[in-house]
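Below: one structure, written as structure tokens.
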Amino acid sequence: MHFPGPFALIDANNFYVSCERVFRPALEGRPVIVLSNNDGCAIARSNEAKALGIKMGHPWFQVRQAWPDAGITALSANFALYGDMSSRLMGVAAGLGPEQEVYSIDETFIGLAGIPGDLARRSHAVRSRILQWTGLPTCVGIGPTKTLAKLANHIAKSAERKPGSYPAELAQVCNLAILPASELDAIMAATEVSEVWGIGPRIAGQLRMLNVRTVRDAASLDPATVRRRWSVTLERTIRELQGQPCIGLEQQPSAKQQIACTRSFGQPVDSLEPMVQAVSEFAARAGEKLRAQGGRTGQMLVFAHTSPFQPGKSYSKSITLALRRPSSNTLDLVATAARGMRAIFKPGIQFMKAGVMLLDLAPEGQEQEELPLDNEGEASERLMSVLDAINDRYGQGAIRVASAGTQVKKREWEMRQQLRTPRYTTRWDELPVART
DNA sequence: TCTGGGGTCCTAGGACCC
DNA sequence: TCTGGGGTCCTAGGACCC
């Protein structure tokens with residue numbers, strides 16, 4: 001395990017909303033939310049939207065009813081844009097220190113070992129550079145462990161957004177590593193235990209029953225007792241709060257152990273053909289992800305179910321299928337997914353969601369080889385790399401399997417996305433226009 | 001009318017082995 | 001009254017993260 005602390009955590013503020021605002025500055029200062037797939041519920045909120053009381057995961061149709069006159073702008077998720085903005089952010093953020101772990105689309109840990117001088121001042125400089133070069137506002141938290149860096153980031157954000165919640169000088173950049181013990185103690189006593197990375201609602205509730213309510217309370221627990229009562233995971237969290245590094249920095253993203261592609265439909269589907277289309281498409285997407293990490297799959301899970309929100313009879317079924325031999329070939333995967341769907345489909349059901357999961361992943365070259373009776377394997381690899389290269393250059397879906405549906409064959413299962421902004425940075429025909 | 005998607009890790013318990 | 005000891009592998013379920 002690698003502990004090049006102290007650690008910084010750089011985290012974008014309201015990331016998806018901030019990406020949208022870069023290209024639509026008129027949205028500054030206004031309540032803006034970004035919706036999940038299918039325009040279902042709020043997954044990102046501007047500060048103004050949070051101030052209205054809109055919650056994470058709040059269904060859009062309820063938001064619309066509850067605040068008809070608040071001037072809320074709702075946008076469909078534009079993941080092509082967010083992914084590209086993320087890689088720009090990560091590139092500039094890397095300048096803060098020698099080692100970097102990209103933790104999520106909008107967060108990165110930086111290992112600061114060996115950096116001399118005032119880390120807070122350096123962080124302010126990098127923060128300004130990110131804002132100037134990408135347009136994205138961020139906050140930086142610094143601590144001797146990753147858990148404390150996360151906590152510091154929370155404090156930096158709260159101090160900025162809610163003046164008075166913490167000392168004003170901690171806004172935007174908060175370095176817990178150099179705080180005098182008494183001040184650190186006061187801050188931990190003023191922070192709820194549920195804010196700690198790794199403590200979710202369930203464990204926070206159990207801790208509350210033991211009168212452990214603040215971060216300070218949690219940091220005073222005995223690690224051995226915590227391990228006995230809960231698990232080694234929570235023990236690590238407690239030790240990290242006490243300043244002992246237990247969670248290392250992971251610079252190379254490790255290969256995934258499973259790959260999923262699942263979607264809710266834009267409308268209920270009750271016939272077999274569109275269901276087969278949908279899982280064909282999902283299998284093809286999953287195959288792209290699989291080839292990107294250089295892996296093969298030996299098992300696929302296919303599932304479909306009705307909406308959990310609709311009254312009436314519900315139906316949910318899944319099947320696990322073995323591939324004849326480990327493969328990353330889209331044509332194999334699509335055929336397997338279609339076979340699975342035919343096995344679990346039942347007429348007269350209003351299906352609302354389906355998905356494909358690739359299990360039992362292994363790196364290429366690790367599986368047992370069959371005697372090559374022809375050059376089938378090599379041809380398949382060349383076909384897939386050409387497919388990926390074309391889709392990479394001309395856009396996702398430029399070439400796809402026909403069983404996933406075509407423009408002629410309507411794709412009735414496709415998700416709704418009526419409020420999507422242009423893919424400004426990744427499509428030539430959607431570039432922002434400066435002047436006509 | 002309308003409610004997301006994609007991951008990881010840990011533990012307990014059962015099956016099975018010698 | 002008594003009923004071994006130790007190990008591995010797999011799966012399901014719980015909890016967490018963004």
Side-chain angles (χ1 to χ4, degrees), chain A residues 9 11-16 33-45 54-66 74-79 82-83 86 101-109 146-147 150 153-154 193-207 226-237 246-248 250 253-268 278 282 285-286 288-290 293 299 301 303 305-311 314 318 320 350 352-361 415-419:
Chain A
L9 178 74
D11 188 328
N13 304 353
N14 315 327
F15 179 59
Y16 297 164
I33 58 176
V34 171
L35 303 175
S36 62
N37 275 342
N38 246 341
D39 296 342
C41 53
I43 53 170
R45 303 157 295 155
I54 300 171
K55 302 285 177 230
M56 188 75 174
H58 214 135
W60 166 226
F61 75 96
Q62 287 176 6
V63 170
R64 226 173 356 184
Q65 283 164 9
L75 300 168
S76 301
N78 185 347
F79 289 112
Y82 311 149
S86 173
E101 171 186 340
V102 175
Y103 177 66
S104 76
I105 193 165
D106 74 326
E107 284 174 73
T108 176
F109 286 103
K146 286 169 80 174
T147 302
K150 270 278 211 184
N153 189 279
H154 164 75
V193 71
S194 56
E195 300 294 347
V196 174
W197 184 44
I199 297 184
R202 204 74 178 226
I203 291 172
Q206 293 163 356
L207 289 172
V226 168
R227 182 177 199 144
R228 240 178 294 120
R229 169 83 165 69
W230 284 276
S231 68
V232 66
T233 326
L234 191 61
E235 181 196 5
R236 283 190 205 119
T237 297
C246 301
I247 305 172
E250 288 171 33
S254 42
K256 303 220 182 306
Q257 298 169 36
Q258 53 178 245
I259 289 173
C261 188
T262 71
R263 293 276 181 283
S264 295
F265 302 145
Q267 56 186 28
F282 303 157
R285 290 287 180 86
E288 285 171 11
K289 296 187 207 171
L290 180 62
Q293 73 169 36
Q299 272 193 334
L301 181 137
F303 74 86
H305 59 70
T306 50
S307 165
F309 303 102
Q310 293 310 308
S314 69
S318 69
T320 305
Q350 299 287 309
M352 214 38 209
K353 183 168 181 173
V356 161
M357 294 170 82
L358 307 182
L359 316 167
D360 192 21
L361 305 189
M415 66 184 176
R416 281 187 310 276
Q417 269 211 314
Q418 290 169 344
L419 307 164

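Throughout, protein chains are lettered first and strands after them, A, B, ... in sequence-line order, and every chain is numbered starting at 1.
Across the protein-nucleic acid pair, Asn153(A) atom CG and dC18(C) atom C1' stand 13 Å apart, rounded to whole Å. We find that CG of Asp11(A) is positioned 14 Å from P of dC17(C), with the value rounded to whole Å. One can place CH2 of Trp60(A) at 14 Å from C1' of dT3(B), the figure rounded to the nearest angstrom. Per the geometry, OH belonging to Tyr82(A) stands 19 Å off P belonging to dC18(C), to the nearest Å. Atom OH in Tyr103(A) sits roughly 7 Å away from atom C1' in dC18(C) (whole-Å rounding). dC17(C) atom P lies 15 Å from atom CD of Glu101(A), rounded to whole Å.
Within 4.0 Å (heavy atoms only), Met352(A) reaches sugar-phosphate atoms of the nucleic acid but no base atom. Across all strands shown, Val196(A) has heavy atoms under 4.0 Å from sugar-phosphate atoms exclusively, and none from any base. Counting non-hydrogen atoms under 4.0 angstrom, Glu107(A) reaches the backbone sugars and phosphates but no base. Using a 4.0 Å heavy-atom criterion, one finds that Pro308(A) contacts no nucleic acid atom at all. Nucleic acid contact for Ile105(A): none, since no nucleic acid atom lies under 4.0 Å from a heavy atom of the residue. Asp106(A) comes within contact range of the sugar-phosphate backbone alone, with a heavy-atom separation under 4.0 Å but no base atom that close.
The ring pair (Phe, Tyr, Trp, His ring centres under 6.0 Å) search around Phe79(A) returns Tyr16(A), Tyr82(A), not counting sequence neighbours. Listed by chain and number, the residues in a salt bridge (Lys or Arg N to Asp or Glu O under 4.0 Å) with Glu288(A) amount to none (sequence neighbours excluded). Applying the ring pair (Phe, Tyr, Trp, His ring centres under 6.0 Å) rule to His154(A) yields no partners; only residues at least two apart in sequence or on another chain are considered. For the ring pair (Phe, Tyr, Trp, His ring centres under 6.0 Å) test, residues two or more places apart in sequence or in another chain that qualify with Trp197(A) are Tyr103(A), Phe109(A).
Residue Gln310(A) has a polar side-chain atom (N or O) positioned under 4.0 Å from OP1 or OP2 of dC2(B). One finds no side-chain N or O of Lys146(A) lying less than 4.0 angstrom from the OP1 or OP2 phosphate oxygen of dC17(C).
Here Gln258(A) contributes atom CD and Asp360(A) contributes atom CG; the two are 11.5 Å apart, rounded to the nearest 0.5 Å. Separating the CG atom in Leu359(A) from the CG atom in Leu301(A) is a distance of 6.0 Å, to the nearest 0.5 Å.
Around CZ of Arg64(A), the count of heavy atoms belonging to other residues, nucleotides or ligands within 6.0 Å exceeds 12.
Side chains of Asp106(A) and Ser104(A): a donor-acceptor N/O pair is present below 3.5 angstrom, by distance only.
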For DNA chain B, the dot-bracket notation using Watson-Crick and G-U wobble pairs below 3.5 Å, [ ] for pseudoknot-type crossings and | for other-strand pairs, is ....||||||||||||||
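Residue Pro59(A) places its side chain closer to dT3(B) than to any other of dC16(C), dT3(B), dC18(C).
A donor-acceptor contact shorter than 3.5 Å is absent between the side chain of Lys353(A) and the backbone of Phe303(A).
Side-chain atoms of Arg416(A) and base atoms of dC2(B) include no donor and acceptor less than 3.5 Å apart.
Across every non-hydrogen atom of Ala74(A) and Leu35(A), the tightest pair is CB-CD1, 4.0 Å.
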Table of protein N/O atoms under 3.5 Å from nucleotides 4-12 of chain B N/O atoms:
unit_1	atom_1	unit_2	atom_2	d
dG4(B)	O4'	Ser36(A)	OG	2.9
dG5(B)	OP1	Ser264(A)	N	2.4
dG5(B)	OP2	Ser264(A)	OG	3.0
dG5(B)	OP2	Lys353(A)	NZ	3.0
dG5(B)	O3'	Arg263(A)	NH1	3.3
dG6(B)	OP1	Thr262(A)	N	3.4
dG6(B)	OP1	Arg263(A)	NH1	2.9
dG6(B)	OP2	Thr262(A)	N	2.5
dG6(B)	OP2	Thr262(A)	O	3.0
dG6(B)	OP2	Thr262(A)	OG1	2.4
dG7(B)	OP2	Ala260(A)	N	2.5
dT8(B)	OP1	Gln257(A)	N	3.1
dC9(B)	OP2	Gln257(A)	NE2	3.0
dC10(B)	OP1	Arg236(A)	NH1	3.2
dC10(B)	OP1	Arg236(A)	NH2	3.2
dT11(B)	OP1	Val232(A)	N	3.4

